[in-house]
J.: 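Dropping a structure here in C-alpha cells format, bear with me for questions.
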Amino acid sequence: MHPTGSPADRLAAVGNQMIEIHLWLSAELARLRAGLDTPSRDLRAHCLTFCAALGRHHTGEDAGAFRLLAEQVPELRPVIANLITDHEVVAGILERVEALLAGDTAVPLAQVRGELDGLAALLESHFRYEEKRLVSALNALTGRPGTAEELLGLTVPPQVTD
C-alpha cells in the first residue's frame with residue numbers, strides 16, 4: 001500500500017517506501033529467474049525492463065536519498081559510501097546482463113542465469129543492510145523537500161496479475 005496524503009506525509013514514509021521498492025524488485029528478480037526455466041520471447045524485454053528499473057532506483061538513491069542523508073545525518077556517510085560501492089557492483093552486473101541480451105542471437109541462458117543468481121545474492125544482502133541502517137533515518141526526514149519518487153528513483157508499480 002502506498003502512503004497517501006500530503007507530500008510531507010509521503011516523505012515521512014520514504015524509508016517504508018524503500019522497503020516496498022526492495023520487495024517489488026526482489027519479487028521481479030525472482031520472477032525473471034524463474035522465467036529462465038521456460039524462456040519466452042518476452043524474456044529479453046522483461047530482463048531489460050528489470051535492469052532499467054533497478055538502475056533507476058539505485059541512481060535515484062545515489063542522487064536523492066543518499067545525498068540528502070549525507071547532508072542531514074553525517075554519521076551515515078560511511079554506510080552510504082558502502083551502499084554506493086554496492087550500486088557500482090550491481091551496475092556492472094546489469095551491464096553484463098544487457099550485453100548478453102544484446103543482438104539477434106539466442107540468449108545464452110546459462111550465462112544470464114549465473115549473472116542473475118549473483119545479482120540476487122548481492123541484492124538480498126544489500127537491501128537488508130540498507131534497510132537496517134537507513135529506514136529510520138529516511139523516515140525522520142519529515143518535512144524535507146522532495147518526494148519518495150525523487151529520493152528513491154522508483155515507485156512500486158501497481159500489482160499486475162498474470
Side-chain angles (χ1 to χ4, degrees), residues 1-35 46-101 112-160:
M1 172 170 277
H2 291 280
T4 58
S6 73
D9 291 340
R10 291 177 62 211
L11 182 57
V14 72
N16 295 340
Q17 181 143 359
M18 181 179 67
I19 293 170
E20 288 180 31
I21 291 168
H22 289 171
L23 291 170
W24 178 78
L25 287 167
S26 295
E28 284 300 302
L29 180 54
R31 201 167 72 109
L32 180 59
R33 290 169 67 208
H46 183 203
C47 199
L48 293 174
T49 300
F50 171 80
C51 289
L54 181 58
R56 273 192 317 276
H57 171 60
H58 284 165
T59 300
E61 284 182 330
D62 293 349
F66 291 178
R67 180 191 47 77
L68 185 59
L69 281 175
E71 291 170 6
Q72 299 296 318
V73 190
E75 59 270 21
L76 286 176
R77 288 179 182 158
V79 171
I80 292 166
N82 290 338
L83 292 167
I84 290 171
T85 298
D86 281 357
H87 290 179
E88 292 166 356
V89 173
V90 167
I93 295 170
L94 297 180
E95 287 174 12
R96 290 192 300 273
V97 168
E98 289 171 358
L100 290 168
L101 297 173
V112 172
R113 182 180 307 284
E115 294 292 351
L116 293 180
D117 288 349
L119 179 63
L122 174 59
L123 286 179
E124 181 178 338
S125 170
H126 172 80
F127 288 162
R128 297 305 78 78
Y129 176 72
E130 187 173 11
E131 292 164 7
K132 180 179 179 184
R133 300 301 301 267
L134 300 185
V135 167
S136 61
L138 285 167
N139 283 346
L141 294 176
T142 305
R144 303 283 184 216
T147 64
E149 293 84 2
E150 291 168 347
L151 293 175
L152 300 174
L154 188 67
T155 57
V156 180
Q159 191 73 10
V160 178

J.: Can you run down the side-chain hydrogen bond (donor to acceptor under 3.5 Å, both in side chains) pairs that involve residues 116-128, sequence neighbours left out, and say none if there aren't any?
T.: Arg33-Asp117, Asp86-His126, His87-His126, His126-Glu130, Arg128-Glu131
J.: Could you report the tightest heavy-atom contact between Leu29 and Ala120, atom names first, then the distance?
T.: CD2-CA, 3.5 Å
J.: Among side-chain atoms of Glu28 and His46, is any donor-acceptor pair under 3.5 angstrom?
T.: yes
J.: Between CG of Asn16 and CD1 of Ile21, what distance do you get to the nearest 0.5 Å?
T.: 11.0 Å
J.: Testing the basics here: between Gly15 and Val135, what is the closest heavy-atom pair and its distance to 0.1 Å?
T.: O-CG2, 3.7 Å
J.: Looking at every non-hydrogen atom in both residues, tell me the closest pair between Pro78 and Pro74 and how far apart they are.
T.: CD-O, 4.3 Å
J.: If every non-hydrogen atom of Leu154 is compared with every non-hydrogen atom of Ala53, which pair is closest and at what distance?
T.: CD2-O, 3.9 Å
J.: Please assess Glu88 against His58 for the test side chain to side chain contact (heavy atoms under 4.5 Å, CB included), listing each intermediate value before the final yes or no.
T.: CA-CA 9 Å; Glu88 292 166 356; His58 284 165; over 6 Å; no
J.: Can you list the residues that meet the side chain to side chain contact (heavy atoms under 4.5 Å, CB included) rule with Ala70, with sequence neighbours excluded?
T.: Arg77, Ile80
J.: At their closest point, which heavy atom of His57 faces which heavy atom of Leu152, and how far apart are they?
T.: ND1-O, 2.9 Å
J.: Can you spot which of Leu69, Val14, Leu138 makes a side-chain contact (heavy atoms from CB on, under 4.5 Å) with Leu151?
T.: Val14
J.: Can you tell me how far apart CG (Leu83) and CZ (Phe66) are? Round to the nearest 0.5 Å.
T.: 4.5 Å
J.: Roughly how far, to the nearest 0.5 Å, is CE of Met18 from CG of Leu23?
T.: 10.5 Å
J.: Under the salt bridge (Lys or Arg N to Asp or Glu O under 4.0 Å) rule, what pairs show up with a residue in residues 50-72, not counting sequence neighbours?
T.: Arg67-Glu71
J.: Which atoms form the tightest heavy-atom contact between Cys47 and Val97, and what is the distance?
T.: SG-CG1, 3.4 Å
J.: When you compare the side chain of Val79 with that of Tyr129, does any pair of heavy atoms fall below 4.5 Å?
T.: yes
J.: Checking side-chain contact (heavy atoms from CB on, under 4.5 Å) against Ile93, which of Leu122, Leu54, Leu116 comes through?
T.: Leu122
J.: Do Leu25 and Phe50 have side chains that get closer than 4.5 Å, going by heavy atoms?
T.: yes
